[in-house]
K.L.:
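For reference, the structure I am asking about is given below.
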Amino acid sequence: MAATNDRDDDPALVLDELAGTAEQPTTQLAGLTPPPVPVPPAPSAPAPFAAGASRASEPAPRPTVRWGALVWSLLFGATAAIVLWVVTDPLRRERAGDWFAELDPFAAWLYVLIGIGAIVAIFGLVGLIRRGERRRRAASS
């Protein structure tokens with residue numbers, strides 16, 4: 001039977017040796033101190049308010065309304081509602097298929113032009129709304 005070392009049987013002693021905290025300190029770590037940790041500078045304080053003014057007396061700015069997103073979401077929502085309305089009923093689906101099959105190329109191009117015109121009109125409407133909002137905001141400040 002081979003003789004066993006008591007240090008190999010005790011897991012705590014093995015871990016202490018691996019961590020460098022055994023009875024005898026390692027010569028590499030003896031006498032060394034860790035370098036100082038740099039401390040970041042404190043953030044600068046905000047500029048003070050005028051005498052007598054406080055944050056509570058300032059009105060909060062109104063949130064901006066994204067009119068373009070609102071108009072486009074209404075357009076896409078209406079389109080989705082119409083498509084869903086057509087697709088859910090077999091009779092409406094059949095009539096839409098018949099209309100599409102009987103559509104001649106000239107009429108199809110006219111519908112494409114009407115669609116492009118509607119999109120340009122929506123862009124114009126959103127631009128007018130945006131300009132009105134900017135003027136209103138400039139007049140209030």
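Quick caveat, the model's predicted, so the values are computed rather than measured.
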K.L.:
For the CH2 atom of W72 and the CD1 atom of I119, what is their distance to the nearest 0.5 Å?
P.N.:
5.5 Å
K.L.:
Using the test ring pair (Phe, Tyr, Trp, His ring centres under 6.0 Å), find all partners of W109 that sit at least two apart in sequence or belong to another chain.
P.N.:
none
K.L.:
I'd like to check the side-chain contact (heavy atoms from CB on, under 4.5 Å) partners of W85; sequence neighbours left out, ordered by chain and number.
P.N.:
R92
K.L.:
Under 4.5 Å side-chain heavy-atom separation, chaining through any Ile, Leu, Val, Met, Phe, Trp or Tyr, what else clusters with V87? Say none if it is isolated.
P.N.:
V83
K.L.:
If hydrophobic residues (ILVMFWY) are linked whenever their side-chain heavy atoms come closer than 4.5 Å, directly or via other members, who joins L110 in its cluster?
P.N.:
F106
K.L.:
What about I116 and Y111, same hydrophobic cluster or not, with Ile/Leu/Val/Met/Phe/Trp/Tyr joined at side-chain heavy-atom distances under 4.5 Å?
P.N.:
no
K.L.:
Would you say L75 ends up clustered with V126 if hydrophobic residues are merged whenever their side chains have heavy atoms under 4.5 Å apart, either directly or through other cluster members?
P.N.:
yes
K.L.:
Could you pull out all residues at least two apart from R136 that satisfy side chain to side chain donor-acceptor pair (under 3.5 Å)?
P.N.:
E133
K.L.:
Nearest 0.5 Å please: distance from the CG atom of D98 over to the CG atom of L103.
P.N.:
12.5 Å
K.L.:
Going by side-chain contact (heavy atoms from CB on, under 4.5 Å), name the residues that satisfy it together with R135, two or more places apart in sequence or in a different chain.
P.N.:
R131
K.L.:
Assigning hydrophobic clusters by single linkage (Ile, Leu, Val, Met, Phe, Trp, Tyr; side-chain heavy-atom cutoff under 4.5 Å), is F123 placed with F76?
P.N.:
yes
K.L.:
As an exercise, state the distance from CG of D89 to CG of L84, rounded to the nearest 0.5 Å.
P.N.:
11.5 Å
